[in-house]
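Letters go in sequence order (proteins before strands), and every chain restarts at 1.
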Number of protein chains: 2
Amino acid sequence: MSSSYASLTSALKQAGLRLTPQRLAICRFLAESREHPTAAMIYEHLRPEYPSLSAMTVYNTLKALVELGQVNALGDCGDDNVHYDADTSPHINLACISCHRIMDLPAPQIEALDGEISRASGYQLLGARLMFYGLCPDCQKTRVL
Amino acid sequence: MSSSYASLTSALKQAGLRLTPQRLAICRFLAESREHPTAAMIYEHLRPEYPSLSAMTVYNTLKALVELGQVNALGDCGDDNVHYDADTSPHINLACISCHRIMDLPAPQIEALDGEISRASGYQLLGARLMFYGLCPDCQKTRVL
DNA sequence: TATTTATTTATATTTATTATAAATAAGATT
DNA sequence: AATCTTATTTATAATAAATATAAATAAATA
Ligand SMILES: [Mn+2]
Ligand SMILES: [Mn+2]
Ligand SMILES: [Zn+2]
Ligand SMILES: [Zn+2]
């Protein structure tokens, strides 16, 4: 389950940032998307509705949300693009190195890990990005490699 | 425990790639390093010994080792640099978002996860990059934020 | 040794992201 | 409401990591 639209927008507001139409649209897309979008994907998706939208605004808003801990930057999944995840709860991201889709898997074990890692390392944990890589069922069929 | 020098070099050899002095030096550094180096770190470290070394050779060798499954590209840890890990066994990488060091934690639970994920998703798993982010004990003391 | 092939190096190019500054919008003040 | 002030957006330029290209070098083969 992704961070809700409400939690994204209220985090921005609490940080003293204005809830502009552009920022609200970016939050809405992040909250509704299940596809771990890149900055470019967000920009292209919103452009029809906001023709004057600039890529800078997308980058700035993503940066703010990441710094507020509302969004994770997952990094690339073989396509050289940084993918973002509005679901910051501990879960496994499963990326296909062929079609570059990223799906989620619930992982109850991970929640338990958190406490153990803190204890073992002395770290103050702030977030996790758990990526497994492989070939999705579809790509296993079609892939020649 | 990192991939050994021997397994890195024999993987290159088996792939039909020549074991040049530059490639051997890169493998040696990867096998001996515990600091999850970036391409730039490898380049700078080897330059005194190999003054003619080109950054392209570092990028090419890393790319080959990643494609052979001998090295993982962990992605950035808040410093906008891709870090590499010659330890491809399932383990947790714990990155400090302040000093950007990455340490390893053994995680027996992770090995069990692998099978469960395959079963649940139908994916053919090829690797994992497990990053936890936080503040290391040192940075918890000094950090103002 | 000569020939072929792989690799390295040097250089140019690409491209995602960041920086900068002007234009615009919003909020506050009178 | 009109003016002032600040935040935000946009357009543009700059940055820098990674990639592509091609000449130079090294290694393997005949
Ligand atoms: Mn996810
Ligand atoms: Mn590691
Ligand atoms: Zn796929
Ligand atoms: Zn630290």
Can you identify which nucleotide, out of dA26(C), dT9(C), dT9(D), has its nearest atom closest to the M56(B) side chain? dT9(C)
Partner of dA30(D) by Watson-Crick or G-U wobble geometry, both contacts under 3.5 Å, or none? dT1(C)
Proximal nucleotide (of dT7(C), dA10(C), dA11(D)) relative to the S54(A) side chain: dA11(D)
Establish, for the pair R129(B) and Y133(A), whether the NZ or CZ atom is under 6.0 angstrom from the six-membered ring centre and no further than 45 degrees off its axis. yes
Looking across every strand, which nucleic acid part, if any, lies under 4.0 Å from T57(A) by heavy atom: base, sugar-phosphate, or nothing? base
Linked, directly or transitively: L17(B) and Y59(B) (ILVMFWY side chains, under 4.5 Å): no
Quick check for you: among dT9(D), dG27(C), dA17(D), whose closest atom lies nearest to any side-chain atom of Y59(B)? dA17(D)
Atom CG of L17(B) and atom P of dT5(C): how far apart are they, to the nearest Å? 17 Å
Tell me if the aromatic rings of F29(B) and H45(B) count as close, with their centers under 6.0 Å from one another. yes
Does one hydrophobic cluster hold both I117(A) and M131(B), with members joined at side-chain heavy-atom distances below 4.5 Å? no
With the side chain of L53(B) defined as its heavy atoms from C-beta on, choose the nearest nucleotide among dG27(C), dT7(C), dT9(C). dT9(C)
Between dT9(D), dT17(C), dA19(C), which one does the side chain of Q22(A) approach most closely? dT9(D)
Nucleotide nearest A39(A) when distance is taken to its side chain, options dT17(C), dT7(C), dA11(D): dT17(C)
If you look at every strand shown and take non-hydrogen atoms under 4.0 Å, does S52(A) touch a base, only sugar-phosphate, or nothing? sugar-phosphate
